[in-house]
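In what follows, chains carry the letters A, B, and so on, assigned in the order in which the sequence lines appear, proteins first and then strands, with residues in each chain numbered from 1. Values reported hereafter were calculated over all heavy atoms of this structure, with side chains retained and with hydrogens, waters and symmetry mates removed.
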Amino acid sequence: MSNPVVTRFAPSPTGYLHIGGARTALFNWLYARGRGGRFLLRIEDTDRERSTPEATAAILKGLTWLGLDWDGEVVSQFARKDRHAEVAHAMLARGTAYRCFSTQAEIEAFRAAEKARGVSYPVFLSPWRDADPASYPDAPYVIRMKAPRSGETVIHDQVQGEVTIRNETLDDMIVLRSDGTPTYMLAVVVDDHDMGVTHVIRGDDHLNNAARQQMVYDAMGWAVPVWAHIPLIHGPDGKKLSKRHGATGLEEYQAMGYPAAGMRNYLTRLGWAHGDMEIFTTAEAMAVFDLSGIGRAPARLDFKKLENTCGHHIAMMDDAALLQDLEGYLAAAGRPALDETQRDRMLRAMPSLKERAKTYPELIEKGHFALISRPVVPDEAAARALDSVSRSILKSLTPQLQNASWTKDALETILNGIASGNGIGFGKLAAPLRAALAGRSVTPSVFDMMLVIGRDETIARLSEAAD
RNA sequence: GGCCCGUUCGUCUAUCGGUUAGGACACCAGGUUUUCAACCUGGGAAGAGGGGUUCGACUCCCCUACGGGCUGCCA
């Protein structure tokens, strides 16, 4: 009964998937999925000069990593060019468009002359708008929309409110080029209409375009979709996001070790809010995501908060799922894969590891003890902890560990006993233990490490360090 | 230049005419501790400026400043 929501993400394949584009896709996906609607994907590849199949592949890969799945086949805008031309001619037939024989040189000359005269916004009015077809020359022509010359076009935008554009400031835009290919303004409307898109959620760099596109809907007698123009994302300095801010491509974030779940959470909160809700699952986001919660000002990227958000998600994730996601990171970052022993130890170490890592590189670093194999090579700080006194204490430890029951409580009792027996605090004993077990001075709890690698490996590492 | 949009702690934001302007990240201090984190407690921190409207403005209107977008036979 109620018309189902259909949203779409329509990137142009001229490069990687931009972080801002990723958020636009996320908003569209959240909105549709949260309402049982459909989320479609269309590649706007009509610019043959700049579009590449590699970029398309990168975009699909990025969306897949972020966990944004789309319904149906990916639509190629270029493949639909005949339909676009068909609509342009339909507009001609309806009298809402006309053939224009003005050349680009003539138009440029007009604009230059107007500017020279002090007209700051030269609107080119084609002399062919109301020309008699009998006067048409045998020459290339474009098809222009016959836009209303007076009055206003009002965009009812779910984010920006009512935006009014005076029609006199808009020219008769070209819908079909002289080579018969469609312009973006035409293609986007035809495709959105044909695909049944009900809600157009996109960057506010398209806000002005919406007025002209609305004219195309009107010219064809089609229903105008719900508009929602969201602000762009800026770099930490408030300037437009660019390469000098570092990571702008989504795949870079994956390679930096941010979990997709954390990225989704962070990106959802960037420019959208629902009261004090900060950390949430995707299901929770879907349940409450709406257009009215989107802010109107551009948001800045904050890596600290991204990290913090990711840290919460790493801690929230199920151990097995976390390990799998971690391995995905390893592959994406071009780091060596885990072998059986490493995987087994990491899985067992996960409960204590995941509480303390914000990113996967951090998780790997904290899990260093679980990934190495003997002989353990101590780093500089760890080597200092292994002085002769410490080594002799470690040596005295092994017999007791041989018969201990391998639980945290039992180990704690034994180690505390050793420490007090040697007249030192537990901290003093922990340092050489860390060095022996992990080769590091900074590690997880010594008990957790011992439990993870097991009795035999523990004793072996301690013995090797003691010699 | 013109048109359009925006402006609450350093950052992301809540507030939808009446609040000690709330939360989160970050920062600072203290606590806990087995190192690092994590965690707990506390702290400093905001309505761009100026006019209106109103009994009362962060909230509504206007101007200015600043930021962004658009201004293509690009998307």
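Residues from residues 53-60 of chain A placing a heavy atom under 4.0 Å of any atom in RNA chain B do not occur. For residues 148-163 of chain A, proximity to RNA chain B is found at A/Gln160, A/Val163, defined as any non-hydrogen atom under 4.0 angstrom from a strand atom.
In this structure, the salt bridge (Lys or Arg N to Asp or Glu O under 4.0 Å) partners of A/Lys354, at least two apart in sequence or on a different chain, are A/Asp319. Residues satisfying the side chain to side chain contact (heavy atoms under 4.5 Å, CB included) criterion with A/Arg177, sequence neighbours excluded, are A/Asp179, A/Thr181, A/Thr183. Qualifying salt bridge (Lys or Arg N to Asp or Glu O under 4.0 Å) partners for A/Asp171, counting only residues two or more places apart in sequence or in other chains: A/Arg212.
Each of B/C25, B/C73, B/U34 was ranked by its minimum atom distance to the side chain of A/Ser445; first place goes to B/U34. The A/Tyr184 side chain lies nearest to B/A75 when the options are B/A75, B/U35, B/A37.
Rounded to an integer number of Å, the gap from CZ of A/Arg434 to P of B/A37 is 12 Å. Atom CG in A/Asn209 sits roughly 10 Å away from atom C1' in B/U71 (whole-Å rounding). For the pair A/Met173 CE and B/C74 P, the computed distance is 14 Å after rounding to whole Å.
Using a 4.0 Å heavy-atom cutoff across all strands shown, A/His229 reaches no nucleic acid atom at all. At the heavy-atom level, A/Arg42 lies nowhere under 4.0 Å from the strands shown. Within the nucleic acid shown, A/Ser102 comes within 4.0 Å of at least one base atom, counting heavy atoms only. Across all strands shown, A/Thr164 has heavy atoms under 4.0 Å from sugar-phosphate atoms exclusively, and none from any base.
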Set out, line by line, the N/O atom pairs under 3.5 Å between protein and nucleotides 38-45 of chain B.
from	atom 1	to	atom 2	distance (Å)
B/A38	OP1	A/Lys358	NZ	3.3

Polar-atom pairs under 3.5 Å, protein N or O versus N or O of nucleotides 9-13 of chain B: list them with distances, or write none.
from	atom 1	to	atom 2	distance (Å)
B/C12	OP1	A/Arg300	N	3.1
B/C12	O2'	A/Arg269	O	3.0
B/C12	O2	A/Arg269	NH2	3.3
B/C12	O2	A/Lys305	NZ	3.3
B/U13	OP1	A/Gly271	N	2.7

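Residues in residues 268-281 of chain A take part in these salt bridge (Lys or Arg N to Asp or Glu O under 4.0 Å) pairs, two or more places apart or across chains: A/Arg269-A/Glu278, A/Glu278-A/Lys305. Within the structure, salt bridge (Lys or Arg N to Asp or Glu O under 4.0 Å) pairs that include any residue of residues 96-110 of chain A do not occur (at least two apart or interchain). Among pairs with a residue in residues 263-286 of chain A, those fulfilling ring pair (Phe, Tyr, Trp, His ring centres under 6.0 Å) read A/Trp272-A/Phe289, at least two apart in sequence or across chains.
Side chains of A/Asn265 and A/Thr268: no donor on one and acceptor on the other come within 3.5 Å. Side-chain contact annotation: A/Arg144 with A/Ser126, donor-acceptor N/O pair under 3.5 Å absent.
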List the atom pairs, donor and acceptor, that lie under 3.5 Å between side-chain atoms in residues 418-430 of chain A and the rest of the protein, sequence neighbours left out.
from	atom 1	to	atom 2	distance (Å)
A/Ser420	OG	A/Asn416	O	3.1
A/Ser420	OG	A/Gly417	O	3.2
A/Asn422	ND2	A/Ile418	O	2.8

Please output the side-chain donor-acceptor pairs of residues 434-447 of chain A that fall under 3.5 Å, not counting sequence neighbours, one pair per line with the distance.
from	atom 1	to	atom 2	distance (Å)
A/Arg434	NH1	A/Thr443	OG1	3.0
A/Arg434	NH1	A/Pro444	O	3.3
A/Arg440	NH1	A/Glu365	OE1	3.2
A/Arg440	NH1	A/Glu365	OE2	2.3
A/Arg440	NH2	A/His368	ND1	3.3
A/Arg440	NH2	A/His368	NE2	3.4
A/Ser445	OG	A/Phe447	N	3.1
A/Ser445	OG	A/Asp448	N	3.3

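Straight-line distance between the C1' atoms of B/A65 and B/C73: roughly 39 Å, to the nearest whole Å.
Evaluated for a side chain to side chain donor-acceptor pair (under 3.5 Å) with A/Asp191, the options A/Arg83, A/Arg8, A/His84 yield exactly one hit, A/His84.
Distances shorter than 4.0 Å separate some side-chain N or O of A/Arg177 from OP1 or OP2 on B/A75. For the OP1/OP2 pair of B/A75 and a distance below 4.0 Å, the side-chain nitrogens and oxygens of A/Thr46 include at least one atom meeting the criterion.
A heavy-atom distance below 4.5 Å is found between the side chains of A/Thr24 and A/Asn28.
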